[in-house]
*Asks:* 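A single structure is presented below for examination.
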Amino acid sequence: MKIYNTLSKQKEEFIPVEEGKVKMYVCGPTVYNYIHIGNARPMIVFDTVRRYMEYKGYDVNYVSNFTDVDDKIIKKAMEEGVPSQEISRRYIAECKKDMEGMNVKPATTHPLATEEIDGMLQMIENLMEKGYAYKVEDGTVYFRTRKFPEYGKLSHKNLDDLESGHRDEAHAVKVQSADGKEDEFDFVLWKPKKEGEPYWESPWCQGRPGWHIECSVMARKYLGDQIDIHAGGEDLIFPHHENEIAQSEAANGKNFSKYWMHNGFLNIDNRKMSKSLGNFFTVREISERYDLQVLRFFMLSAHYRSPLNFSAELMEAAKSGLMRIITAAENLKHLKGITAVQEMTAEEEKLFAGSDVYVSKFEAAMEDDFNTADAVSAVFELVKYLNTHAASDKSAELLGKFHHRLTSLCDILGIIVEREEEILDSAIEALIQERKEARKAKNFARADEIRDELLQKGIILEDTREGVKWKRV
Ligand code: AMP
Ligand code: ZN
C-alpha cells in the first residue's frame, strides 16, 4: 500500500510502526458553529482511509480531537451571553449528528482540548526544562523555534528564506508588538487570559494553551510518542503541523509521525469558500436538499489530494451515480427473493469469478494512495457487470454473492446501499394498538417506549380526539 507522504513529497510504501496496527491522528474541527462542507472533506476521506485499513486487517486506533477552546468559540459565547463550554458542547453534538449522516465512524477516541490541560502543562514544562521554551514578562510561553534544527521539514520551508522574504513584515512585527519574543518564528505554547475568557492555572500565568500544543499532547496520550499517520487539510501543513512536529519531537526525542497526509481544499463554483463571498454551506444545509450519502459519494469521486469543486451539477451527478449503485443492489436482492433456483451451477461459479477483476481494480486503486476516484470507477464497472448477468433464472446463491460483493466494496467507501427496511403499515397499527392498551393499563413507560421506537423508524404519532394518527417523515 502506498501513501503520499507530505514529509518526503513522495508516495511511500506503508509500513506500520507496530505490525498489524495503525495509529492515526486526524485534526478535528474547532467547534463554534455547524461544520461546513470543507470540514467534511477530511472527515470523509480519512474515514475512508481507516475503513480500507480495517478491510486489510489492521487494527486501527483512530483519534480525532475537537478544538473546544479558541478565540472564535469565546467570541460566539460572548455574543450569545453563555459560557463558552455551552457553545462547544452544542456544536460537538451537532457535528456528531452530521458525521453520522455522512456515515463517518466515530473515532476510537474524540479527545477534547479542555480535558487535556494537565498533559499540556507537562509537555510545556518538559520543553522549558530542555530549553525549547521560554516565558516572557506577561506570562506567555513561546517555543524557541530555532533550537529545533529540523523546523520546516514538513512544509519544506527554510527559516532563513522565510525571514528574508518577510524582512519588512518581520521588522514591522518586532516594532509594533513588543511581545518579548526572541524570534519572529517562535510560537505560543501558553498565553495569559483576557478579561472574561476561560482559563486554567499554570506555573506561568492564568491562561490557556496555544492550539498546536493541544494536538501534540492528545496524539501522545492516546497513540504514543510515535504514530503512523497524522492527517488534516492542506492548510494545516504550515504552521500547525510543522509546529506539532517541533513540539513533539523536541519533547519526546523521537520522530513523531511516519506519514503525513493532507487533503486538498474544497471550493465552491471554483472559488474559495468563504462567508463574505456568500458561497458557504454547512453540512446541515446540504442535508436539507440531499441525503448526506450523496455528499460523501461526491467527495470520494475525486482524489483526496486534488482541489475539489462543489457545484449543484456535480452533486446531481453524484446523486445519479449513487442511485445507479443502489438500484443494482436492490435489483439483486429482489431477484434473489423471487428465483426458484437455490444453488450455484459450475457455469455460475465462472460468472462469479468474472467479477474478481473489479475487486482487484478497486484494491489497486486504493493501494495507490487511496485513489477513491478510480475505486469508484471500479464499482461502476462492477455494477455494469452485475446488471448484465443478474436475472431471475440465476441461483439465489450467485445473486447473494453478487450482492455481497457490491455492498462490501461500498462499505469500504462508507457508502450505504441498503435502505433501512421500511416498517409496514400493519406493524405500525399493531404497535399503536399495543400503546393504547399500555396506556389504559397505566404502563406509560411502555407507551413512551413505543412512541420512541416508532419515531426512530421515522413515524410520528399524534394523539387527536378521533384517536391516534400517524405519519411518515
Ligand atoms: P478548522 O475547524 O478550521 O480547524 O478545520 C478542521 C479541518 O477542516 C482541518 O483539517 C482543515 O484543514 C479542514 N478544512 C477547512 N476548510 C476546508 C476546505 N475548504 N476544504 C477542505 N478541508 C478544509
Ligand atoms: Zn491539530
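Atoms within a ligand are numbered from 1 in the order they appear, just like the ligands themselves.
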*Asks:* Using only heavy-atom distances, determine whether the side chains of Asn65 and Thr67 contain a donor-acceptor pair under 3.5 Å.
*Replies:* yes
*Asks:* Between His262 and His241, does the ring centre distance come in under 6.0 Å?
*Replies:* yes
*Asks:* Does a side chain donor of either Ser202 or Arg208 reach within less than 3.5 Å of an acceptor in the other side chain?
*Replies:* no
*Asks:* With a cut-off of under 6.0 Å to the ring centre and 45° to the axis, is Arg324 in cation-pi contact with Phe380?
*Replies:*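 Satisfied, under 6.0 Å and within 45°.
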*Asks:* Just to the nearest 10 degrees, tell me the angle at the Zn ion (ligand 2) spanned by Cys215 SG and His240 NE2.
*Replies:* 110°
*Asks:* Find out whether Tyr58 and Pro16 are in side-chain contact, i.e. whether some heavy atom of one side chain is under 4.5 Å from a heavy atom of the other.
*Replies:* yes
*Asks:* Aromatic contact between Tyr151 and Phe185, with the criterion being ring centroids under 6.0 Å apart: yes or no?
*Replies:* no
*Asks:* Tell me, which residues have any heavy atom less than 4.0 Å from some atom of ligand 1?
*Replies:* Cys27, Gly28, Pro29, Thr30, His36, Gly38, Asn39, Pro42, Gly232, Gly233, Asp235, Leu236, Asn263, Gly264, Phe265, Leu266
*Asks:* From His212, does some N, O or S atom reach closer than 2.8 Å to the Zn ion (ligand 2)?
*Replies:* no
*Asks:* Does the side chain of Asn252 pick up a donor-acceptor pair with the side chain of Arg220 at under 3.5 Å?
*Replies:* yes
